[in-house]
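One structure is given below, encoded as structure tokens.
Every number for a ligand or one of its atoms is a count from 1 in the order of the listing.
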Amino acid sequence: MRVSMNEEIKRGELLYSGKAKELYLTNNPLLCIQRFSNRATAFNGQKKSEIDNKGYYNNAISAFLLQYLEKQGVSTHFVGLLNETEMLVRRVEIIPIEVVVRNIAAGSLCTRLGLKEGAKMEQPVIEWYYKSDALGDPLINDDHIASLDLAKEWELKEMRKLALKVNDILVPLFRTLDLVLVDYKLECGRSGHGILIADEISPDTCRIWDASSGQKLDKDRFRQDLGDVEAAYREVYDRLAEMFGEGEKNAR
Ligand code: UDP
């Protein structure tokens, strides 16, 4: 999966440092390096820790999933894996809306609507959240988005279409791995080629349950102090590595 490039990619300045990742410019103005760290945060940064090898697993898992989406015709920012914790991505302008897709009730949806964790949604539920740490990423609707000019109407339509397509691809993929894709967050970016899926898709941004045991294999293990966080991320990685090729599977 490693990219062989004719041109040498040189790391440039740090463009952005987030809670768990960094983004660097490169000598190519169209490309960035996305670096996954072991930092873990929850509850809008109030809870902080380090999880061994998390950067490695999230980099590899995101690469598997973004590349799989590309193969199924979804445009993403993924270009190639560079090393254990870094991937090369297209430079995009991130739309300041978190797109949450829900198949099963969990987390804030249960609190907001009084649903029981595990209740199946009759159809995928798409929600928009305003990306703002200062405001704690509030839930917003189409009218808020239009009023604040966070995205154009056609962009929002495209984001919804993309999110549903991603869901149609990832839910069956996870099912074949005996995993349930409960919910997840996507970020979209504007590029010269339209809207792309950007950021990461990993146990940091998804709720993933083991289909047989119901065990949580995602960041909820950290949020809820369930223990074995690293082992849960490794489990997701191992199942994907099994499916996408032993060549990518490195013992940790
Ligand atoms: N999520 C995320 N980043 C955020 C908020 C949510 O990746 O800033 C993911 C979260 O991991 C879950 C889904 O989006 O898979 C839905 O999260 P929810 O709204 O239930 O919020 P939470 O309970 O995580 O606060």
Side-chain angles (χ1 to χ4, degrees), residues 16-21 23 34 36-49 51 54-55 57-59 61-62 65-66 69 76-77 94-121 123-141 144 150 159-160 162-164 166-167 170-171 173-174 179-189 197-211 214-226 229 232-233 235-237:
Y16 172 78
S17 182
K19 294 191 195 99
K21 295 193 298 290
L23 204 62
Q34 178 164 256
F36 292 75
S37 79
N38 289 340
R39 296 191 301 277
T41 67
F43 312 119
N44 203 15
Q46 284 169 309
K47 180 172 177 170
K48 284 188 194 161
S49 190
I51 297 164
K54 182 170 82 80
Y57 291 127
N58 282 354
N59 186 39
I61 292 168
S62 291
L65 296 176
L66 292 171
L69 287 172
T76 80
H77 71 157
I94 292 287
I95 297 173
I97 299 170
E98 297 194 339
V99 185
V100 168
V101 185
R102 301 180 183 274
N103 298 301
I104 309 269
S108 71
L109 185 70
C110 295
T111 319
R112 196 176 329 113
L113 300 185
L115 295 173
K116 230 179 120 195
E117 185 180 75
K120 194 177 175 324
M121 300 288 104
Q123 59 179 68
V125 173
I126 309 282
E127 295 173 343
W128 315 121
Y129 291 83
Y130 181 21
K131 256 174 85 70
S132 160
D133 284 340
L135 299 174
D137 298 345
L139 180 69
I140 49 175
N141 67 22
H144 296 128
L150 301 180
M159 285 161 74
R160 185 178 164 84
L162 264 176
L164 290 172
V166 166
N167 203 49
L170 293 189
V171 168
L173 170 71
F174 278 75
L179 295 170
V180 180
L181 185 57
V182 173
D183 61 26
Y184 51 100
K185 184 258 307 178
L186 298 171
E187 298 202 10
C188 297
I197 298 293
D199 198 49
E200 65 180 296
I201 307 180
S202 75
D204 265 11
T205 61
C206 301
R207 284 195 172 92
I208 303 163
W209 296 349
D210 180 82
Q215 199 188 22
K216 293 177 177 173
L217 298 174
D218 55 62
K219 197 165 133 182
D220 270 354
R221 300 205 73 81
F222 170 68
R223 291 190 191 98
Q224 302 171 5
D225 292 320
L226 300 175
V229 187
Y233 282 56
E235 184 63 36
V236 174
Y237 166 79

* Salt bridge or not for E127 and R112, using N-O below 4.0 Å? -> yes
* To do: Test D204 against every option in K54, K19, K185 by the side-chain hydrogen bond (donor to acceptor under 3.5 Å, both in side chains) rule and name the one that passes.
  => K54
* For residues D137 and N44, is any side-chain donor paired with an opposing acceptor at under 3.5 Å? -> no
* Set of side chain to side chain donor-acceptor pair (under 3.5 Å) partners for Q215, sequence neighbours left out -> none
* Asked: With a cut-off of 6.0 Å (strictly less than), are more than 12 heavy atoms of other residues, nucleotides or ligands near CD of Q123?
  -> no
* Mind jotting down which protein residues get a heavy-atom contact under 4.0 Å with ligand 1? Chain and number order, please. => E98, V100, R102, A106, G107, S108, Y129, D137, D183, Y184, K185, D204, T205, C206, R207, R223
* Asked: What's the spacing between H144 NE2 and I97 CD1 if we round to 0.5 Å?
  -> 12.0 Å
